[in-house]
Colleague: 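Input: one structure, supplied below.
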Amino acid sequence: MENTSTGTGAIREQLNAWADPAYQQFASSLLPGVSGVLGVRLPVLRKLAKQLAKGDWRAYAGSDDNGCFEEIMLQGMVLGYAKADIEELLGYVAAFVPRIDNWSVCDSFCSGLVVARQHQERVWAFVQPYLSSDREYELRFGVVMLLNYYTDETYIDRVLALLEKVRHEGYYAKMAVAWALSVCFVKQPGRASELLLDNTLDDFTFHKTLQKITESFRVDAETKAWVRSLRRKRTAAEERYGK
C-alpha cells in the first residue's frame with residue numbers, strides 16, 4: 001500500500017485485489033438497491049484514504065467518474081483526512097454530497113469530517129441548506145452532521161428545533177432524524193425530553209426515536225420505561241393493517 005498511485009485505474013485494481021467475496025455478500029445485504037459493492041472492508045479503505053490524503057488528493061477527490069461503492073466511499077474518506085483551507089475543503093464537500101446515494105457512504109463521510117469541530121460556526125452555516133433539501137441523502141447528510149458535531153450546550157436547542165421541522169417521506173431521511181434525536185436525548189436528556197413530550201413529528205419518526213433511545217446502553221432502565229410510555233396510540237388504520 002505504500003506505493004499507491006492516485007490514478008483511478010490503479011486504485012480500482014487495488015480495490016479489486018482487496019475485495020472479500022464473503023464480506024461483499026454481507027455488505028450488499030445491508031445496502032438494498034446499491035450496485036457495485038466489491039466487498040472491501042472499511043479499515044482497509046481508511047488506511048488507503050489516509051495515504052491518498054498525503055499526496056495529490058485534489059485530483060482524486062475531485063474526480064466525478066462513476067465509480068463503485070468503495071470508490072465513492074474512498075473519495076469521501078479522503079476529504080476527511082485532507083489538509084486544506086476550510087473554504088476550499090467545503091467546496092470539495094459540496095461537490096461530493098450529490099454523489100451520496102446510500103446511508104453507509106453518508107454516515108462514514110460525515111463521521112470523517114472532523115474539521116467541523118474546529119470550524120463549528122462555518123460548517124453549521126454550510127449544512128443549513130441541506131436540512132431543507134428534497135433529496136433524501138442530501139437531507140440525511142445535513143442531519144447526520146448535526147448529530148455528530150452539534151449536540152453540545154451551544155447548539156442543542158437549535159438542533160432540536162431544526163430536527164422537528166424536517167419533512168421528508170424518504171425512509172433514510174426519517175431514520176436519520178430519529179437517530180439524531182436519540183443522540184440528542186442521550187447527550188442532553190433534559191432538553192430533548194421537552195421535545196418528546198410536545199412535538200409535531202410524524203408517528204414513524206417519533207416511534208423510531210423512542211425505539212433508538214430504549215436501545216441505547218447509556219440510558220437507564222427507569223428512563224427507558226418512561227420513554228416507552230410516550231408511544232402514541234395507533235390509528236384505526238394502523239390497527240387494521242397491523243402497521
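Just so it is clear, the structure is predicted and the values come from calculations on it, not from any experiment.
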Colleague: Are there more than 12 heavy atoms of other residues, nucleotides or ligands under 6.0 Å from atom CD of E87?
Modeller: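 Yes.
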Colleague: To the closest 0.5 Å, what do you measure between CH2 (W179) and SG (C184)?
Modeller: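 With rounding to 0.5 Å, CH2 (W179) is 12.0 Å from SG (C184).
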Colleague: So, does Y149 use its side chain to make a donor-acceptor pair with the main chain of S111 at under 3.5 Å?
Modeller: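 Side chain of Y149 to backbone of S111, a donor-acceptor pair under 3.5 Å: yes, one is there.
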Colleague: Please find the pair of heavy atoms, one from A176 and one from V143, that lie closest to each other, and give the distance.
Modeller: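 Shortest heavy-atom contact: O-CG1, 3.4 Å.
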Colleague: Without swapping roles, check the side chain of Y137 against the backbone of Y172 for a donor-acceptor pair under 3.5 Å.
Modeller: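 Here the side-chain-to-backbone pair does not exist.
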Colleague: For E153, run the salt bridge (charged side-chain N to carboxylate O under 4.0 Å, His left out) check against K187, R158, R191 and tell me which one passes.
Modeller: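 The residue from K187, R158, R191 that satisfies salt bridge (charged side-chain N to carboxylate O under 4.0 Å, His left out) with E153 turns out to be R191.
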Colleague: Between D202 and R167, does any side-chain N to carboxylate O distance fall below 4.0 Å?
Modeller: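 No, no charged N to carboxylate O under 4.0 Å.
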Colleague: Using 0.5 Å steps for rounding, measure from the OH atom of Y92 to the CG atom of L79.
Modeller: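 That separation rounds to 8.5 Å.
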Colleague: Does E169, at its CD atom, have more than 12 non-hydrogen atoms belonging to other residues, nucleotides or ligands within less than 6.0 Å?
Modeller: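 Counting neighbours around CD of E169, 12 or fewer heavy atoms of other residues, nucleotides or ligands fall under 6.0 Å, so no.
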Colleague: Quick one: sort the Y130 and F141 rings into parallel, tilted or perpendicular, breaks at 30° and 60°.
Modeller: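 Perpendicular, since the angle between the ring planes exceeds 60°.
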Colleague: Using the ring pair (Phe, Tyr, Trp, His ring centres under 6.0 Å) criterion, which residues pair with Y150? Sequence neighbours excluded.
Modeller: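 If we apply the ring pair (Phe, Tyr, Trp, His ring centres under 6.0 Å) test to Y150, skipping adjacent residues, the hits are W124, Y155.
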Colleague: Do S104 and F69 have side chains that get closer than 4.5 Å, going by heavy atoms?
Modeller: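 Answer yes - side chains close enough.
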